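All figures in this text were calculated on a predicted structure; none of them were measured in a lab.
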Amino acid sequence: MIVLAALAISVGQCTTPRRASDFTVVVDAGHGGRDVGASAIIPGKYEKQVTLAIAAALSKKLALRKGLSVVMTRATDRNLTLGQRRQIIGSCTPDLVISVHADSGPSSASGPSVYVLNDAGEAIVVSRLMRSARSVDHDDDTAFILANLSQRGSMNFAVQLAVKIRAALGRGDANPRAIKTANFALLKAPGVPSILVETGYVTSRIDATRLFDTNHQALIADAIASSIRPERR
């Protein structure tokens with residue numbers, strides 16, 4: 001059971017009273033309900049369980065920080081359409097959206113990835129669209145990304161934060177992935193920095209063992225939370 005009542009965390013919409021000066025973060029747990037996400041190599045385990053556990057742990061950590069307001073898109077095993085996620089994000093006019101996912105692929109594939117997107121809604125769907133072989137524009141050279149986004153304040157903020165998150169997640173990783181970007185004309189929320197964190201591969205025996213371990217989930221949440229510093233764009 002996820003206990004959020006004692007913390008200043010809104011679920012499903014911005015309902016918790018907060019000061020206008022608060023830095024608002026929407027934490028999106030990917031999938032949920034009948035949308036199980038990727039099936040794990042561990043029987044009976046699914047991506048939706050990993051995303052909810054990590055999103056809840058991250059939200060709790062952020063909610064303890066002064067000046068931070070946290071909104072979860074879901075706090076239970078609930079199915080949310082993309083339209084509903086967009087509505088939640090839109091109700092908040094957030095300063096940042098963090099979408100938590102877990103990856104799937106060959107059993108040899110492992111490790112986290114971090115994606116930066118120019119619109120909040122895109123963070124919800126980018127990894128799935130990529131797997132569907134739709135058009136994606138990405139570049140693994142972070143310096144190139146930063147240079148080309150110098151005129152876009154929200155993207156610059158998101159990229160800089162994503163670099164920090166990836167570095168934190170990459171501790172002990174011998175071959176960390178670079179930051180990636182993707183652009184879609186979907187779920188528009190202009191000007192909202194949005195980051196999608198693929199926390200690891202549920203199809204990897206090593207990754208899955210970690211991803212379904214509560215202690216490791218807390219470490220992932222710590223890594224993401226420690227990278228976030230309230231900053232007005």
Side-chain angles (χ1 to χ4, degrees), residues 1-2 4 9-16 24-40 44-60 62-63 69-105 113-138 154 158 180-203 211 217 221 224:
M1 179 179 179
I2 300 171
L4 300 173
I9 299 175
S10 298
V11 179
Q13 60 180 331
C14 286
T15 57
T16 302
T24 303
V25 181
V26 170
V27 179
D28 173 60
H31 307 284
R34 63 180 178 272
D35 176 12
V36 300
S39 297
K45 299 291 187 181
Y46 302 98
E47 178 184 2
K48 69 173 184 176
Q49 298 163 316
V50 170
T51 64
L52 181 57
I54 294 175
L58 173 60
S59 295
K60 291 176 185 177
L62 292 176
S69 176
V70 182
V71 181
M72 294 185 69
T73 55
R74 68 182 182 95
T76 59
D77 186 18
R78 172 191 177 197
N79 184 75
L80 286 175
T81 66
L82 296 177
Q84 288 172 318
R85 294 177 196 268
R86 179 178 62 182
Q87 186 176 33
I88 293 168
I89 293 169
S91 77
C92 300
T93 314
D95 297 285
L96 176 66
V97 175
I98 299 286
S99 189
V100 181
H101 286 257
D103 224 330
S104 65
S113 298
V114 179
Y115 291 85
V116 177
L117 303 108
N118 61 346
D119 294 297
E122 293 171 1
I124 315 301
V125 296
V126 62
S127 63
R128 300 303 170 265
L129 291 177
M130 291 180 68
R131 293 186 193 125
S132 299
R134 298 195 184 186
S135 176
V136 177
D137 176 22
H138 68 276
S154 63
K180 300 179 180 180
T181 65
N183 295 287
F184 296 93
L186 295 173
L187 303 178
K188 294 298 184 180
V192 180
S194 184
I195 295 172
L196 184 145
V197 181
E198 293 278 10
T199 52
Y201 282 78
V202 293
T203 47
L211 290 172
Q217 290 167 353
I224 298 173

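The backbone N or O of S113 sits nowhere less than 3.5 Å from a side-chain atom of E198 that would complete a donor-acceptor pair. Here the side chain of T203 pairs a donor or acceptor atom with the backbone of G105 at under 3.5 angstrom.
Partners of D77 according to the side chain to side chain donor-acceptor pair (under 3.5 Å) rule, which considers only residues two or more places apart in sequence or in another chain, are K48. Every residue two or more places apart in sequence or in another chain that forms a side-chain contact (heavy atoms from CB on, under 4.5 Å) with Q84 is listed here: R78, L80, T81. Residues meeting the side-chain contact (heavy atoms from CB on, under 4.5 Å) test with A29, sequence neighbours left out: T51, L52, A55, R74.
The distance from atom CG of L62 to atom CG of L58, rounded to the nearest 0.5 Å, is 4.5 Å. Between E47 atom CD and S39 atom OG the span is 9.5 Å, to the nearest 0.5 Å. Note: D28 CG to S194 OG = 8.5 Å, rounded to the nearest 0.5 Å. Rounding to the nearest 0.5 angstrom, the gap separating the CD1 atom in I98 from the CD1 atom in I195 is 4.5 Å.
Taking every heavy atom of both residues into account, K45 and Q49 meet most closely at CA-OE1, 3.2 Å. Between A53 and Q217 the shortest heavy-atom distance is CB-OE1, 3.3 Å. Annotation for V50 and A102: closest pair CG1-CB, 4.3 Å, computed over non-hydrogen atoms. The shortest heavy-atom contact between M72 and S59 is CG-OG, 3.1 Å.
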Applying side-chain contact (heavy atoms from CB on, under 4.5 Å) to L196 and H101, what does each step give before you reach the verdict?
CA-CA 7 Å; L196 184 145; H101 286 257; 3.7 Å; yes

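Shown are V202, D35, V36; of these, the side-chain contact (heavy atoms from CB on, under 4.5 Å) with Y46 is made only by V36.
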